[in-house]
Amino acid sequence: MLDLKLEDIDGILVRYNVALEKEMTPDEAAEELYPKDELIYPIAKAIYEGEEDDVIDALKAAIDAGKKPIDLINDALMVGMGVVSQLYDEGIIFLPNVMMSADAMLNGIEFCKTQTTEIPENKGKIVCHVAEGDVHDIGKNIVVALLRAAGYEVIDLGRDVPVDEVIAAVIANKPIMLTGTALMTTTMYAFKEVNDKLLEKGMKIPFACGGGAVNQDFVSQYDLGVYGEEASDAAKIADAIIASGDDIEKLREEFHKH
Amino acid sequence: MVKKYTSMAYANADDMLFGNSKFPVKAGLGLEIGAGYTTPELNYAPRPQAGKSKDKLIKEYERITTDAMSRMVQIGSPSIVLETEHVEQMSNNPSWGAEVAHAQKTIMEEYHDEYGIKCALRHTIGDIREDRDFLQLRGDKYSVFLEAFEECAKAGADMLSVESMGGKEIFDYSILRNDTAGILFGIGVLGSMDMEMIWKDITAIAKKTGTVSAGDTDCAQANTAMFIAGGLLDKNLAHTTAIVARAISAARSLCAYEAGAIGPGKDCGYENTIVKAIAGVPISQEGKTSTCAHSDLMGNLVMQCCDLWSNESVEYHGEFGGTTVQCWSETLAYDCSMMNVALKIGKAKDLRDILVLSDKYRDPQGYVLAYDNAYKVGEAIAKDGNNNYLRAKNAAIECCNIVEEGINSGKLRLTRFEITALAKVKADLEALTDDADKFTSDNLTKFKQEVAVFRPENYGL
Ligand code: B12
């Protein structure tokens with residue numbers, strides 16, 4: 001078959017990712033971010049590595065050395081996950097690492113709960129769902145994992161969720177935010193219905209919407225909508241709500257980029 | 001027992017070409033696919049409001065069909081395939097799908113009678129075998145699913161396809177966790193088992209109705225990997241991992257042809273070049289002409305060995321140049337015209353290689369799917385063709401080797417991250433048993449625990 005000469009390839013296509021790759025390896029970058037406390041460090045590192053068993057071993061060691069299980073959730077598990085989220089945001093590590101770390105962190109939290117009678121606090125509740133009629137749930141699963149990783153309690157309603165079930169869950173849980181994912185132009189209209197029924201019930205909470213079919217123009221058409229492009233935006237929107245309130249106009253100013 | 005492929009349909013990779021397949025397929029009204037020329041395959045989706053009632057839906061498809069057929073005649077295209085990918089209502093209510101097929105076919109017959117344009121209608125039934133939380137591959141939903149094939153075939157569909165979902169619950173979980181064994185289990189083992197079941201039944205329906213059992217694509221898994229991997233700068237999945245999933249998917253999609261399908265394989269099966277190398281069936285492909293539906297990193301390359309050339313899907317609505325189906329069918333038809341000229345003047349291999357080289361070094365996915373390398377993946381599958389697990393594993397390992405060769409040649413430039421991901425997948429694969437039964441039972445145990453929505457009975461396990 002015909003072939004290109006090595007020196008001719010660059011004129012035809014540019015591997016921008018190769019050109020821009022950071023010097024530092026992910027492990028080196030993580031090493032710089034771990035907390036220095038010698039009982040916390042191994043927990044954070046095991047979270048980064050996504051090693052569930054190592055997380056538990058390190059938690060046991062810290063508890064044996066006198067750390068309180070309830071404190072370890074915020075001071076070790078969440079901190080380790082913070083390292084992972086930061087590296088993902090900076091483009092240094094990829095999503096599967098985040099998913100594995102999130103699994104390891106949730107496991108660690110469950111373990112800590114078995115070691116104490118105190119109830120851990122979380123940053124707030126969020127209800128997540130995929131639009132009625134739509135089974136595309138991978139994006140939603142990523143959103144859920146990243147929200148949990150960021151310290152939120154997520155009520156995951158799954159996929160193909162009837163509008164009324166979404167409303168009922170919002171009423172029952174009083175979340176700080178609702179998220180919706182839709183990948184089909186035929187299903188995203190359910191978001192408008194959710195919006196209208198929420199307003200009818202006087203529930204004025206930010207409704208973060210994303211997924212392949214959804215775009216900013218569409219989400220701007222209903223009062224509660226805030227558009228997010230990337231799964232990590234869901235956590236950023238939630239953080240913005242915690243930091244400066246749930247004014248939807250303000251959220252749109254920050255997150256509507258187009 | 002179905003016959004399994006243990007040898008290659010083509011003696012050399014270089015014998016593979018667009019518009020030509022070892023075993024051409026006659027379909028519809030005067031059309032022959034893979035018989036020395038390429039044909040556009042147009043795919044479209046109704047506007048959301050059109051799904052509200054059966055009558056609206058039928059009207060919408062009538063408009064789509066008339067628009068497309070008239071444009072094909074206006075620009076002098078010798079042939080056209082229309083592909084209707086069912087919206088859920090059409091498969092869940094087989095009579096809806098059937099009435100749409102009938103309405104479309106009636107219009108196509110009028111055009112064929114009046115102008116002689118060669119044409120055929122593909123209906124792709126939706127894989128409706130699931131309820132809200134679980135796959136439900138067998139049982140009641142399966143009966144409706146098969147009924148949808150039969151009704152559409154009787155009502156005018158010429159070619160039957162589906163993008164089936166067997167193994168997806170394990171795959172979805174594994175791909176987000178870099179679980180190589182899970183990816184292999186989901187696509188190569190579970191996916192293959194489901195494919196063998198459904199394609200035996202679909203083929204029986206095709207035989208009974210005098211239609212074409214056309215084939216499947218691993219859209220649900222390999223394309224999911226490709227979409228999650230995304231563009232060069234996306235950080236959601238290593239592209240080296242995505243292409244391993246794709247290589248495995250060739251072993252899985254091959255099962256349709258082993259169970260009696262004869263092609264043309266479906267457009268979004270980027271694994272189709274590998275399948276064609278082994279089975280010699282005609283294939284549909286999509287690339288630069290499917291930017292209306294998604295972005296990929298091999299828009300020219302995938303044209304290399306296509307027999308039908310597709311646009312994947314576009315919503316029906318107006319554009320400056322006509323309706324979308326007119327614009328896109330026209331684009332497809334001009335591409336086909338170019339390929340058909342190349343075939344006539346003896347330049348087809350040059351054109352093929354130009355298409356390949358414009359993308360081959362862009363990304364590991366295109367590199368492995370370039371026909372010379374795709375052929376090697378095919379050989380790795382055929383070597384253990386009788387064993388669904390082993391051949392899928394072979395494909396994955398061969399894929400890793402091919403990417404490594406590319407890196408060593410200096411031409412395929414990858415980030416350190418991609419290279420590390422590749423090394424991990426390869427090490428995982430090399431650590432796996434060669435014993436299919438052991439692999440299956442180990443993973444069955446593991447995923448029953450880890451994946452709450454996994455139901456082994458979906459696979460008769
Ligand atoms: C994988 C896939 C499937 C898989 C889904 C597997 C699963 N468990 O999800 C399967 C095979 C089941 C499938 C089925 C179907 N599919 Co499909 N599918 C796709 C595909 C190829 C990729 C989607 C995907 O997973 N992307 C990767 C994820 C990670 O992306 P994402 O969900 O958008 O999420 C990202 C962001 O959007 C964001 N995000 C997501 N949600 C949220 C929420 C918030 C708040 C925020 C901030 C961010 C955010 O985070 C993620 C990462 O950053 C697309 C192609 C495409 N162009 O999108 C078609 C596509 C979506 N499917 C399509 C169709 C038509 C179907 C079927 C109807 C096919 C059929 N005839 O049966 C069925 C639908 C059944 C149903 N009722 O839903 C069409 C939809 C067309 C339309 N009408 O709009 C598409 C666009 C393909 C096409 N071009 O035609 N599909």
Report task. Take A:L2 and B:L357, measure what side chain to side chain contact (heavy atoms under 4.5 Å, CB included) needs, and give me the verdict at the end. Result -> CA-CA 8 Å; A:L2 304 174; B:L357 289 174; 4.0 Å; yes
Requested in this report: Give the intermediate values and the outcome of side chain to side chain contact (heavy atoms under 4.5 Å, CB included) for residues B:D172 and A:D137.
Outcome: CA-CA 9 Å; B:D172 283 357; A:D137 62 359; 4.2 Å; yes
Query - Chi angles and distances behind the side chain to side chain contact (heavy atoms under 4.5 Å, CB included) call for B:N178, A:M99 - result: CA-CA 9 Å; B:N178 277 341; A:M99 299 295 288; over 6 Å; no
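Only the backbone of B:D131 comes within contact range of chain A, with heavy atoms under 4.5 Å apart. Contact annotation for A:T187: neither backbone nor side-chain heavy atoms come within less than 4.5 Å of a heavy atom of chain B. Contact annotation for B:D363: both backbone and side-chain heavy atoms come within less than 4.5 Å of a heavy atom of chain A. For B:K168, the part lying near chain A is the side chain, with the backbone staying farther off; criterion is any non-hydrogen pair under 4.5 Å. Heavy atoms closer than 4.5 Å to chain A are found nowhere in B:T420, neither backbone nor side chain. If you measure heavy-atom distances from B:N236 to chain A, the contacts under 4.5 Å come from both the backbone and the side chain. Only the backbone of A:V14 comes within contact range of chain B, with heavy atoms under 4.5 Å apart. When heavy atoms are compared at a cutoff of 4.5 Å, B:Y371 approaches chain A solely by way of its side chain, counted from C-beta outward. In this structure, chain A has no heavy atom under 4.5 Å from any part of B:V87. Contact of A:D3 with chain B is made through backbone and side chain together, with heavy-atom distances under 4.5 Å. Proximity to chain B involves both the backbone and the side chain of A:V18, based on heavy atoms less than 4.5 angstrom apart.
Note that CZ of B:F417 is 6.5 Å distant from CG of A:N97, once rounded to the nearest 0.5 Å.
Counting only N and O atoms by type, the side chains of B:Y361 and A:D10 include no donor and acceptor under 3.5 Å apart.
Closest approach of A:P96 to B:L237, counting heavy atoms only: CG-CD1, 4.1 Å. Between B:P364 and A:R15, the shortest heavy-atom distance links the atoms CD-NH1, 3.9 Å.
For chain A, the option among B:E130, B:R47, B:K360, B:E315 with the highest count of heavy-atom pairs below 4.5 Å is B:E130. Between chain A and the residues B:H294, B:R177, B:R132, the largest count of heavy-atom pairs under 4.5 Å involves B:R132. If you tally non-hydrogen atom pairs under 4.5 Å between each of B:R413, B:R416, B:E418, B:K349 and chain A, the highest count goes to B:R416. For the set A:T186, A:I138, A:I12, A:I92, the count of heavy-atom pairs under 4.5 angstrom toward chain B peaks at A:I138. Heavy-atom pairs under 4.5 Å with chain A peak, among B:I175, B:I228, B:D234, B:T415, at B:T415. No other option in A:M188, A:M100, A:E230, A:M1 has as many heavy-atom pairs under 4.5 Å with chain B as A:M1. For chain B, the option among A:M184, A:K5, A:E23 with the highest count of heavy-atom pairs below 4.5 Å is A:E23.
Within 6.0 Å of atom OH in A:Y16, 12 or fewer heavy atoms from other residues, nucleotides or ligands are found, so the atom counts as exposed in its surroundings.
Panel note: side chain B:K411, backbone A:I9; no donor-acceptor pair is recorded below 3.5 Å.
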